[in-house]
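Taking it in order: structure first as structure tokens, then the write-up.
This chain uses plain numbering: 1 for the first residue, then up along the sequence. All of these numbers come straight from a predicted model, not from anything done at the bench.
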Amino acid sequence: MTAAVAWDLSPGNEFVVNGAPWTVEAFEPQVGKVVLVRPEHEPWKTSVRQLMHHPSIRPSTRTRKDLPAASRGRQPKSVLDLPPGKRALVMMRVDHLREVETGFRSGDPLHALPGEPKPRYDPQSTTLTERRHAKVCELRQELVRNPDLAAAHCLDKVSYRTLIRWDLGRRRFGPVGCADDRWLREATGRHISTAVREAIFAVRHETLHRSKLTAKDRERLIHQYVREEFGEDEPVPSYETLRVVWKEWFGPSGARQRYAVSAARAQAVATGRHVVVSRPGQVVALDTTVLPVKVREQVFGDPVSVHLTLALDVYTHSIVAFRLTLVSDTSIDVAMILRDVMMPLPMRPDWGEEMEWAYPGVPGTVIAGFSGGKVAGLPFFAPETVTTDHGSVYKNHHLIEVQRVIGATIRPSRVLRPTDKQAVERAFGAIQSLLFRILPGYQGVDSSDRGVDPEGDACLTVAEMEHLIATWVVKIWQNRRFGSYAPSWDPAGDHSPNTLFAASMAQGGFALQIPPTELYYQLLPTHRVMIHGRRGVKIKNLWYDGEALDEWRFRLSGRGGEAKDRYVFHRDPRDPCFVFFQDPLTHEWHQLRWVGLPDEGRMPAFSDARVRQVMRELRNRGLKPKSDKDLLPILLDLIGGSVPVDQWPARLTKAQRIEHAREEARVSAAAADRPKPPPASVCADEVASPVLRLGGDVDNVVALRWRERAEEGQAAIDGERRRRREAVVEAAAAPSALGQRLRRPSLTDLLDDEQESADEPGGHL
């Protein structure tokens with residue numbers, strides 16, 4: 001009987017054939033033939049046997065009479081679909097049915113209420129029919145005593161047949177079988193005519209190119225479109241209907257206008273396929289933002305803004321590397337942070353044992369043996385793909401060479417696909433909410449949320465902020481429980497970045513690859529120049545020389561192609577005091593000093609921008625010197641070393657002080673990245689240890705280094721003068737022969753740069 005009802009072949013009933021609905025047009029029981037039709041298709045005539053035994057044909061629920069109305073053409077109804085008030089009413093009906101069936105409201109004699117079972121509901125002395133009639137009388141009496149409550153509970157129309165229908169529905173569908181199908185009416189939506197639909201899409205297309213409009217403005221435009229295109233007689237729904245329909249079709253309109261335009265454009269343009277990340281290092285997201293906390297630079301102690309660059313592993317959400325820079329990151333900064341991703345993080349003096357390497361599979365002693373010391377509990381690996389934004393810093397020839405050296409692929413995120421870098425964006429937001437907001441000097445989200453004086457509240461130096469972030473990453477972030485970022489193979493599991501990295505090591509192993517120290521030199525930008533016989537090499541308007549060039553001064557490199565017969569030199573733009581040369585025979589790396597560096601004393605820090613400023617000043621003065629000895633006094637003058645110590649801070653503006661602090665920080669970062677410590681005579685002094693005094697009258701006290709910086713400049717000038725005087729005395733004590741003086745070129749002759757370049761590599765002897 002059930003099969004006959006389920007396979008009702010009456011005309012008008014529906015069947016689903018391969019997911020498409022077909023309607024029975026005719027049924028011939030004498031010959032066992034059925035005709036099914038579908039719009040825009042030819043009628044299909046088949047047999048009843050084929051229809052019932054075909055694996056891809058099922059009766060449609062929209063025309064099945066054995067299902068409740070609330071389940072026809074939809075998923076089966078359940079108690080959770082009911083509103084809370086109706087849900088309580090259904091459970092009350094179930095209690096009445098249990099009392100009718102068993103004599104107890106709970107349906108269990110072990111959980112009987114006081115006075116149960118009532119005499120008229122006692123199964124031992126009454127029949128089911130008698131109990132049902134008794135229940136109808138009880139509900140009628142309740143209607144007389146409290147008509148409002150009975151009407152609210154829908155008890156005023158309960159009859160004997162109603163109890164039977166409730167009981168059959170409860171036995172078949174559970175408690176929801178007692179519910180009225182009118183409570184779960186089909187949500188047919190709102191009727192939108194063809195004209196109004198066309199107007200809505202036309203207004204949607206038009207408003208994407210305009211400034212942001214309100215829902216009331218869009219309603220007026222819809223009325224205008226319908227009136228002009230279809231006439232005044234075409235009805236238009238109310239404002240509330242149009243607002244709800246707009247939200248259902250296009251989503252809430254709370255986004256910024258440019259983001260809405262980008263999202264609409266992204267839906268129309270396909271820009272690649274989805275990438276499933278399944279292992280650490282497969283995708284590393286890289287991004288830079290301005291640190292929302294004011295810090296103090298370590299030269300003058302002024303409050304400044306720094307840039308925070310994060311490298312986040314997308315699979316484990318581990319912050320594998322970060323850097324703080326006083327200027328926006330450059331290609332060399334990106335190269336160094338990728339180098340940090342590949343190298344283990346050394347333990348710091350104030351870090352405890354709980355922050356050491358503790359991942360299973362690779363003992364910490366093995367890692368310490370390779371790295372030369374104890375290692376912190378932070379993942380390191382060779383990245384496969386690095387995802388960045390579309391900044392110009394990621395689009396240059398230097399980074400192309402960097403990705404070749406490290407064996408990774410640096411790819412910008414897809415256009416109009418913010419999900420490619422959402423992990424690192426969420427990491428910035430998490431760090432801000434968990435750490436930066438509680439630090440003194442926090443600037444807020446925008447100017448409206450900014451405090452009275454965040455610059456005056458700043459008390460942490462750049463070095464202290466870097467140490468604080470490193471400690472927070474290793475100790476807190478790596479052990480923080482995941483929320484919605486649990487892995488797909490264990491969505492309900494309890495994971496953190498550390499535990500997920502340990503699980504991935506157990507699943508796929510761990511490749512222990514610590515890059516050599518020479519990787520620093522290989523990641524630096526290259527310059528292909530000739531070696532001058534007497535003066536060394538000229539790079540970026542500065543001359544460099546050293547003993548490593550002695551064997552190659554009068555020899556060509558033998559290279560072919562674009563850089564024919566030239567040598568390759570590597571140079572760190574953050575510290576122009578040195579360049580690095582790889583010996584062609586031994587492949588050993590040698591450091592070449594700038595020939596303008598004084599032999600005695602110390603040289604204040606400077607950068608490529610300062611060198612360009614020197615050359616611009618020389619052009620303004622009408623000079624074109626060929627010796628770096630002539631460049632040194634002008635360089636020191638521009639740096640500020642010739643200003644008296646007592647008056648120097650007063651004569652520098654805040655922008656000039658920040659510029660000097662940036663140069664000092666960049667040179668210090670370059671010195672820290674070099675694999676070997678610099679020689680005794682270095683370009684810039686090491687960064688002084690910051691002094692932080694808490695609890696006193698002044699909490700924002702740092703070690704000011706502008707006096708030492710001025711003394712360095714003055715010492716450099718004195719040392720250069722002393723060296724020149726000694727050179728003059730030596731020349732006077734040992735005069736050369738007359739023939740030698742005639743054969744030697746005059747010191748006052750200024751050679752042209754083009755002529756020198758043509759005479760290289762031998763030079764003038």
Side-chain angles (χ1 to χ4, degrees), residues 1-82 86 90 93-94 96-98 100-101 127-133 135-136 154 157-194 197:
M1 179 177 180
T2 303
V5 174
W7 290 86
D8 188 0
L9 301 179
S10 302
N13 289 340
E14 280 188 353
F15 287 86
V16 180
V17 181
N18 294 325
W22 291 73
T23 306
V24 177
E25 184 183 38
F27 172 51
E28 302 176 3
Q30 297 82 3
V31 294
K33 297 295 182 179
V34 181
V35 179
L36 302 177
V37 294
R38 186 186 178 191
E40 300 180 358
H41 286 76
E42 294 291 335
W44 179 36
K45 190 174 182 179
T46 182
S47 63
V48 176
R49 175 177 296 182
Q50 182 181 5
L51 188 68
M52 298 184 63
H53 294 86
H54 197 285
S56 300
I57 299 178
R58 293 289 184 272
S60 175
T61 60
R62 290 193 294 187
T63 56
R64 287 180 56 176
K65 303 300 188 295
D66 57 331
L67 294 178
S71 299
R72 295 173 186 172
R74 291 173 283 168
Q75 294 179 330
K77 63 179 181 179
S78 65
V79 178
L80 298 179
D81 296 333
L82 299 172
K86 301 298 183 182
V90 166
R93 291 181 177 181
V94 172
H96 286 302
L97 293 178
R98 289 172 180 170
V100 169
E101 182 178 2
T127 63
L128 179 61
T129 301
E130 294 174 346
R131 294 194 296 273
R132 286 175 175 169
H133 284 290
K135 176 60 66 174
V136 171
C154 302
K157 297 181 180 180
V158 176
S159 63
Y160 177 79
R161 298 293 302 173
T162 303
L163 293 179
I164 295 177
R165 187 175 67 254
W166 284 357
D167 193 18
L168 293 177
R170 180 180 64 89
R171 293 174 182 275
R172 186 173 182 184
F173 304 107
V176 75
C178 302
D180 195 336
D181 286 341
R182 291 175 294 181
W183 300 345
L184 299 174
R185 289 178 177 174
E186 183 180 1
T188 57
R190 294 160 181 82
H191 177 69
I192 302 297
S193 63
T194 305
R197 177 185 176 87

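Under the rule for a side chain to side chain donor-acceptor pair (under 3.5 Å), the partners of Thr162 that lie at least two apart in sequence or sit in another chain are Ser159. Every residue was checked against the salt bridge (Lys or Arg N to Asp or Glu O under 4.0 Å) condition with Arg49, not counting sequence neighbours, and none meets it. Under the salt bridge (Lys or Arg N to Asp or Glu O under 4.0 Å) criterion, Arg170 pairs with Glu101, Asp167, not counting sequence neighbours. Legend: residues meeting side chain to side chain donor-acceptor pair (under 3.5 Å) with Lys135, ordered by chain and number and at least two apart, are His96, Glu99, Glu138. By the side chain to side chain contact (heavy atoms under 4.5 Å, CB included) test, Gln50 is found to be paired with Trp44, Thr46, Ser47, His54, residues two or more places apart in sequence or in another chain being considered. In this structure, Thr23 has no side chain to side chain donor-acceptor pair (under 3.5 Å) partners at least two apart in sequence or on a different chain. Listed by chain and residue number, Thr127, His133, Tyr160 satisfy the side chain to side chain contact (heavy atoms under 4.5 Å, CB included) test with Thr129 (two or more places apart in sequence, or in another chain). Evaluation of the side chain to side chain contact (heavy atoms under 4.5 Å, CB included) rule for Asp81 yields Lys77, Ser78, Leu184 as partners, not counting sequence neighbours. Arg38 pairs by the side chain to side chain contact (heavy atoms under 4.5 Å, CB included) definition with Ala20, Trp22, His41, not counting sequence neighbours. For Phe27, there are no ring-ring contact (aromatic ring centres under 6.0 Å, His included) partners two or more places apart in sequence or in a different chain. In this view, Asn13 and Asp8 satisfy the side chain to side chain donor-acceptor pair (under 3.5 Å) rule, not counting sequence neighbours.
Here the straight-line distance linking atom CZ of Arg132 with atom CG of Leu97 works out to 8.5 Å at 0.5 Å rounding. Separation of atoms CZ (Arg171) and SG (Cys178) is listed at 11.0 Å; rounding is to 0.5 Å.
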**Request:** Take Trp166 and Val94, measure what side chain to side chain contact (heavy atoms under 4.5 Å, CB included) needs, and give me the verdict at the end.
**Result:** CA-CA 8 Å; Trp166 284 357; Val94 172; over 6 Å; no
**Request:** Decide yes or no on side chain to side chain contact (heavy atoms under 4.5 Å, CB included) for Val158 and Leu163, but give the supporting numbers first.
**Result:** CA-CA 7 Å; Val158 176; Leu163 293 179; 4.0 Å; yes
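Sequence neighbours left out, the pairs with a member in residues 10-32 that pass salt bridge (charged side-chain N to carboxylate O under 4.0 Å, His left out) are Glu14-Arg62.
In this structure, the side chains of Val100 and Leu128 come closer than 4.5 Å at one or more pairs of heavy atoms. In this structure the side chain of Phe15 reaches within 4.5 angstrom of the side chain of Leu9, judged on heavy atoms. A 4.5 Å side-chain heavy-atom check between Val176 and Val90 finds every atom pair outside the cut-off. A heavy-atom distance below 4.5 Å is not found between the side chains of Val16 and Ile57. A heavy-atom distance below 4.5 Å is found between the side chains of Leu51 and Leu36.
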